[in-house]
Amino acid sequence: MADYLLAAIDGSEESIAAARWAADEATRHGMPLRLVHAQTWLDDIHADSGQPADVRALTTRMLSDAKRAVENTHPGLEIRAELVGGGEPVDVLVDAAADARMLVLGSRGLGGFGGLMVGSIGLAVTARSDVPTVLVRSDETDRRTGPDGPEVVVGVDTREAAADVIDFAFREAARRGAVLRAVHGWTPPPVWGYAGWVPPQPETEQFRAIEDELLTLAMTGWQEKYPEVTVIQDSRIGSGAAILVDACADADLVVVGRRRRPHHAGMRLGPVAHTVLHHAQAPVAVVPHD
């Protein structure tokens, strides 16, 4: 894996916000930033139909402008910018990111429905990328750290905790000097009552204690590896996806996992990652794991 971060540029406000976020991250990592634009036939929309236009020159200028914008806010950071092509945008970006430490993309809404923040290309790239992929909203530069300081939120599956996901979250919290909030959602087994299926009240606290202990076990060893990171264990009753979206409202970053699959057929993002990508206000890092 190469020592650089990669951000995709398409000229949109979202991609510029992503590039600036990636520049912040590259500075924390102490490594260069590579900006790329995946050329497609859609670049033709920038050309003047009444005159011959060099589309490559137009896209090169767009990429140069993006590079200059990031350089203005991050003087001293090594930044490279280049056009990449040779296929569909998803394939091009996945291939371009193969050796990167991280891929950063801009996110945007779908069809005017403000609750949905990720387009089809962003979803497809995130579902296939072999490196951690972060999606950043266009308004990220206007966000402020929560009242209690920076916080990284990570979703933890206590039955099958993914080491790659937890390690990524700890490393990002350590670099930011942030608290790490480990979030776990769970649902007690229901029993039949007058109002239908309801949680068994006397046993709920017993189940809560069990789930808390499972979360503690999932985090065992990580605090010893990252002693500088303060950890908050947040185990709640409810859907894991909904709880994560709620927990990351003031977070600097939310981290979720995605299982690697040997084929490209079907949806490769799990329901939790899919929901968090669409509805979280914070930047979302999707970390592939086996």
Side-chain angles (χ1 to χ4, degrees), residues 1-29 31-48 53-110 116-143 253 277 282-286:
M1 184 175 291
D3 287 331
Y4 67 85
L5 271 67
L6 182 72
I9 298 295
D10 63 7
S12 66
E13 292 183 6
E14 292 85 1
S15 72
I16 299 301
R20 288 197 170 110
W21 189 95
D24 288 342
E25 192 72 5
T27 301
R28 292 189 192 97
H29 282 254
M31 58 181 59
L33 174 63
R34 180 185 174 202
L35 304 178
V36 300
H37 172 68
Q39 281 190 292
T40 71
W41 60 270
L42 290 173
D43 291 325
D44 291 339
I45 64 175
H46 298 292
D48 183 345
D54 184 347
V55 175
R56 183 178 179 84
L58 291 170
T59 53
T60 299
R61 188 179 311 125
M62 176 270 293
L63 192 55
S64 297
D65 289 345
K67 180 175 182 286
R68 190 175 305 111
V70 177
E71 287 174 334
N72 288 339
T73 55
H74 295 79
L77 177 64
E78 181 183 344
I79 305 174
R80 292 185 293 133
E82 61 185 287
L83 300 175
V84 292
E88 293 297 318
V90 173
D91 298 329
V92 169
L93 291 175
V94 169
D95 289 344
D99 294 327
R101 185 66 60 90
M102 183 188 300
L103 171 62
V104 184
L105 304 172
S107 61
R108 60 179 58 142
L110 292 174
L116 299 179
M117 61 175 278
V118 185
S120 58
I121 290 179
L123 282 177
V125 172
T126 304
R128 288 180 47 193
S129 174
D130 284 329
V131 302
T133 301
V134 182
L135 285 98
V136 179
R137 292 173 63 108
S138 61
D139 58 359
E140 174 57 26
T141 53
D142 298 327
R143 286 173 51 82
L253 180 68
L277 280 170
V284 180
V286 180

From CA spacing to verdict: side chain to side chain contact (heavy atoms under 4.5 Å, CB included), E25, L33: CA-CA 9 Å; E25 192 72 5; L33 174 63; over 6 Å; no
Set of residues satisfying side-chain contact (heavy atoms from CB on, under 4.5 Å) with respect to I16, sequence neighbours excluded: R20, A66
Euclidean distance, T27 OG1 relative to E78 CD, rounded to 0.5 Å: 11.5 Å
Closest non-hydrogen atom pair between P32 and A26, with its separation: O-CB, 4.2 Å
Approximate separation, where rounding is to 0.5 Å, of L35 CG and K67 NZ: 8.0 Å
Nearest atoms (heavy-atom pairs only) where M102 meets V134: SD-CG2, 3.7 Å
Rounded distance (nearest 0.5 Å) linking atom OH of Y4 with atom CD1 of I79: 15.0 Å
Stepwise side chain to side chain contact (heavy atoms under 4.5 Å, CB included) test for D99 and R34: CA-CA 11 Å; D99 294 327; R34 180 185 174 202; over 6 Å; no
Minimum-distance pair of heavy atoms, taken over all atoms of L105 and A8: CD2-CB, 3.6 Å
Distance-minimising heavy-atom pair for V131 and A98: CG1-O, 4.1 Å
NE2-CZ distance between H29 and R101, expressed to the nearest 0.5 angstrom: 7.0 Å
Heavy-atom check, side chain of E14 versus side chain of S107, under 4.5 Å: no
Donor-acceptor under 3.5 Å (T73 side chain, E71 main chain): no
Distance (rounded to the nearest 0.5 Å) between D130 CG and D95 CG: 10.0 Å
Under 3.5 Å: donor-acceptor pair, side chain of T126, backbone of G122: yes
W21 and L5, any side-chain heavy atoms less than 4.5 Å apart: no
Test item: side-chain donor near acceptor, H74 and D24, under 3.5 Å: yes
Minimal non-hydrogen separation, H37 against I9, with atom names: ND1-O, 2.7 Å
Shortest non-hydrogen contact from L6 toward A100: CB-CB, 3.9 Å
Gap between atom CG of L103 and atom CG of L93 - 0.5 Å precision: 6.5 Å
